[in-house]
Every structure is written in structure tokens, then in C-alpha cells.
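Predicted, not measured: the structure shown is a model, and the values here were computed from it. Below, each value reflects all heavy atoms present in this structure, side chains not excepted, and no hydrogens, waters or symmetry copies.
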Amino acid sequence: TALIILILGLSLGLTVGRRNIRSTFFSRCEKFKEHDCKKLWDLFEKAYVNKDPCKVPVEAYNPLIAAAPFKPQCNKMMFWSKTKDVVHGLTAKRKDCFVTLEDTLLGSVLDDLTWCGKEGSKDTFTAGCPEWSECVNNPVRSFWNRSSAAFADVACGDVTAMLSGSIDTPFNSTSNFASIEVPRFKASRVKKLNVVMVIQKNAISNCNHPSLKNLRQSLDTGITYSCKDVSESRIQECGAKPEIACGACW
Ligand code: C8R
């Protein structure tokens, strides 16, 4: 009996887990009226279901991204590295000023989720999936890599990036921002990159950090660079006061 209860419990857990990601996907997706969520779910599943969870390449998401392409939103596109919470605290309130990948259909649907498949199974699993660095071609990492690339490809006008003054290397070559997004900013589309260094109490770096020289050097010739140290409280103030013009946030 104990064994049967264990097996029943396990399969119930798995079903609930799967229903969870599926229902999260649909409820988040349905907020964006212009898309066929069933079709997007099917394309999403096809990327990783019935595959070894360390063998899902970035290209597996091409059909999904083609079905819900990122729209260029010139002068509003916001990139970040190690500042996710501060950035989304701001963009949740100032959609008139900034859009991040997590404000787009696919980014918002999959934000903070974990998923993977298994060889020989039609199911989606949300536990026991590879960690970010466990293997390069894991389903979550490949999704964010593919979608960050597509989002950066359509960047245009003045682009903003929030980097952290609370870490040793604000511009780190191993980040998605440095390795995937910056190399895709093209001078034909992007006029300027405005870096905002988020300065929290106990900050250890700022716009003078040597790693930012690498950022300037990796930018396509013709893209202007600027950097400004901005306190976290000033960023929060911009979020709290809709009357502050976007260009006057810092
Ligand atoms: N981007 C990357 N990773 C993302 C993401 C996103 O939009 N959204 C989520 N939830 N994640 P980091 P980075 C998750 O190290 O490597 C885009 C991933 O699962 O602070 O420099 C975005 O456009 C992963 O675990 O950032 C942004 O501009 C962490 O967040 C850069 O790439 C990665 O967080 C940020 O990539």
C-alpha cells in the first residue's frame, strides 16, 4: 500500500506540476489579446518535449519566436544585468518610458519559470531540470539566449541598460547582456546606449569601473555611449511619480 500511495502521490504531483506551468502559460498569455495561446504553447512544447534536457539548442525556439516576434519600440528598450528587481520595479510602473524583454508576450509568459522534458516522455517537468550552468543547451537557458538575441536585434534609437554598482564586475563578459545583446546592437538602428549604474547603499563600483571600457569597445562604431550613476532611491522615485517625464528620471 505504501508503494501504491507513493506512486499515486508522485503521478499526482507531476500532473499538478505540469498543469501548473501550462495554466501559468495560458493565463499570462491571454493578457496579450492578439495571440493564439494554444498555438504558442504547442510551439513552446515542441522545443524541448521528449528531448534530453541538456540537448536543447537555442535554435529549438526559432518557430516559437517567429510566431510571436518582438516589435521594435524605439527609445524605450531597456536591458539589464544583475539588476532584474530594480528594473522591473520601475518598468511595472513606467511602461510609458521603458520596455524590457519581460514586458513582451514571450518574456512575460516564461519569466521566473523552469521547465524541461525527458527522452521518451511527452510531459513537461518543472522539477529536476538542469541548473543554468549544468549544461549549456538546457531548455531555460536556450530560451533566454534565443529571446535576448531576438529582442536585441530589434533594438533602436536610444537604448538603456541598467547595470549593478553592487558587484565586482558590472559589465561581465559571461552575462547575457555582454555576450548576446551588446554584440547585436547595430549602429544602423541604435543611436545611443545609455548605461544607468544602479547605486545602492554599499556600492562598490560605478561608471568609472574598468569593465565599462570593454563595453565601449564592444559597441558597434557609430553608437554613442553614456553612463550615469543613479541611486536606487532616485530610480524608485521615477517609478512612484508618473508626473516625472521619462527623460527626467535621472
Ligand atoms: N534576459 C536574460 N535572462 C533572463 C531574462 C532576460 O530577459 N529574463 C529572465 N527571467 N532571465 P542576469 P544577464 C533569467 O545574470 O545574464 C535578457 C534567466 O533565467 O542578471 O546579463 C534581458 O534582456 C537567468 O537565470 O542577467 C537582459 O537585458 C537570469 O535571469 C539580459 O538578458 C539572468 O540574469 C540579462 O542577462
Side-chain angles (χ1 to χ4, degrees), residues 28 73 75-104 107-108 110-114 131-134 140-141 143-145 147-148 151-152 155 157-185 190-219 223-250:
R28 290 177 177 182
Q73 301 189 63
N75 307 317
K76 290 174 73 174
M77 297 173 80
M78 167 75 86
F79 296 83
W80 50 267
S81 192
K82 309 294 179 285
T83 52
K84 190 173 188 244
D85 294 345
V86 182
V87 169
H88 291 141
L90 173 66
T91 55
K93 295 177 182 154
R94 297 303 305 261
K95 296 204 187 304
D96 56 326
C97 302
F98 304 107
V99 282
T100 63
L101 178 51
E102 292 72 29
D103 299 307
T104 67
S108 80
L110 295 168
D111 193 20
D112 293 329
L113 302 183
T114 301
E131 294 296 321
W132 185 263
S133 304
E134 199 170 320
V140 175
R141 183 166 173 160
F143 169 77
W144 289 113
N145 285 188
S147 57
S148 320
F151 190 62
D158 285 11
V159 161
T160 308
M162 284 202 178
L163 304 183
S164 172
S166 304
I167 55 176
D168 284 329
T169 312
F171 182 71
N172 192 318
S173 61
T174 65
S175 67
N176 267 7
F177 177 64
S179 65
I180 297 176
E181 296 177 326
V182 171
R184 288 180 181 251
F185 296 158
V190 176
K191 192 166 85 167
K192 192 169 176 210
L193 174 67
N194 290 129
V195 173
V196 172
M197 281 295 266
V198 181
I199 306 298
Q200 299 173 299
K201 49 177 181 348
N202 308 320
I204 54 172
S205 42
N206 58 27
C207 285
N208 296 322
H209 193 274
S211 67
L212 295 168
K213 264 191 89 171
N214 302 333
L215 171 51
R216 289 167 76 155
Q217 283 164 0
S218 359
L219 278 182
I223 302 180
T224 311
Y225 165 91
S226 84
C227 185
K228 192 162 181 181
D229 295 321
V230 182
S231 68
E232 184 178 20
S233 59
R234 177 66 203 171
I235 295 166
Q236 287 163 345
E237 192 181 352
C238 170
K241 296 184 177 161
E243 65 275 17
I244 301 180
C246 297
C249 273
W250 39 76

Less than 4.5 Å apart, any side-chain heavy atom of [X] and any of [Y]?
X: W80; Y: E102; answer: yes
X: N172; Y: S81; answer: no
X: M77; Y: V190; answer: no
X: V230; Y: M197; answer: no
X: V182; Y: F171; answer: yes
X: V196; Y: K228; answer: no

Listed by chain and number, what are the side-chain hydrogen bond (donor to acceptor under 3.5 Å, both in side chains) partners of T114, not counting sequence neighbours?
none
Quick one: list whatever passes side-chain hydrogen bond (donor to acceptor under 3.5 Å, both in side chains) with D111, sequence neighbours left out.
K84
Determine whether S173 and N214 satisfy the following criterion, side chain to side chain contact (heavy atoms under 4.5 Å, CB included), listing intermediate values before the conclusion.
CA-CA 9 Å; S173 61; N214 302 333; over 6 Å; no
Nearest 0.5 angstrom please: [X] [atom1] to [Y] [atom2], how far?
X: E181; Y: F151; atom1: CD; atom2: CZ; answer: 8.0 Å
X: L193; Y: T224; atom1: CG; atom2: OG1; answer: 9.5 Å
X: K95; Y: K76; atom1: NZ; atom2: NZ; answer: 9.5 Å
X: Q73; Y: M78; atom1: CD; atom2: CE; answer: 13.0 Å
X: K213; Y: S218; atom1: NZ; atom2: OG; answer: 12.5 Å
X: L90; Y: D85; atom1: CG; atom2: CG; answer: 12.5 Å

Contacts of type side chain to side chain contact (heavy atoms under 4.5 Å, CB included), residue K191, not counting sequence neighbours:
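Testing K191 for side chain to side chain contact (heavy atoms under 4.5 Å, CB included), a comparison that skips the adjacent residues, returns D158.
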Once side chain to side chain contact (heavy atoms under 4.5 Å, CB included) is applied, do any residues pair with N206, and if so which ones, sequence neighbours excluded?
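Side chain to side chain contact (heavy atoms under 4.5 Å, CB included) check on N206 returns I199, N208, D229.
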Could you walk me through whether N145 and N176 pass the side chain to side chain contact (heavy atoms under 4.5 Å, CB included) test, one step at a time?
CA-CA 7 Å; N145 285 188; N176 267 7; 3.1 Å; yes
Check step by step if side chain to side chain contact (heavy atoms under 4.5 Å, CB included) holds for V198 and K82.
CA-CA 10 Å; V198 181; K82 309 294 179 285; over 6 Å; no
Is it true that, when you exclude Q217 itself, more than 12 heavy atoms of the residues, nucleotides or ligands shown sit nearer than 6.0 Å to its CD?
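For Q217, atom CD is crowded (more than 12 foreign heavy atoms under 6.0 Å).
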Using a cut-off of 6.0 Å, state whether more than 12 heavy atoms not belonging to D96 lie near its atom CG.
yes
If you look at every heavy atom in Q200 and S166, which pair is closest and at what distance?
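Minimum heavy-atom contact is OE1-OG, 2.7 Å.
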Could you tell me which non-hydrogen atom of P170 sits nearest to which non-hydrogen atom of S211, and how far apart they are?
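Closest approach of P170 to S211, heavy atoms only: CD-OG, 3.5 Å.
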ring-ring contact (aromatic ring centres under 6.0 Å, His included) contacts touching residues 223-250 (sequence neighbours left out):
F98-W250
Run the side chain to side chain donor-acceptor pair (under 3.5 Å) test on T100 and D103 for me, step by step, so that the C-alpha distance in whole Å, both residues' side-chain angles and the decisive distance to 0.1 Å come before the verdict.
CA-CA 5 Å; T100 63; D103 299 307; 2.8 Å; yes
Any pair with a residue in residues 236-250 that passes salt bridge (charged side-chain N to carboxylate O under 4.0 Å, His left out), sequence neighbours left out, goes on the list, sorted by first then second residue, please.
R234-E237, E237-K241
May I ask you to check if the distance between the SG atoms of C249 and C97 is under 2.5 Å?
no
Are L163 and L212 close enough, and set up right, to give a side chain to side chain contact (heavy atoms under 4.5 Å, CB included), and what steps lead you there?
CA-CA 10 Å; L163 304 183; L212 295 168; 3.9 Å; yes
Any donor-acceptor pair under 3.5 Å linking the side chain of H209 with the backbone of D168?
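Flag set: sc H209 to bb D168 pair under 3.5 Å.
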Would you please classify the geometry between the F177 ring and the F79 ring as parallel, tilted or perpendicular, with 30° and 60° separating the classes?
tilted
S226 versus N194, side-chain donor and acceptor atoms under 3.5 Å
yes
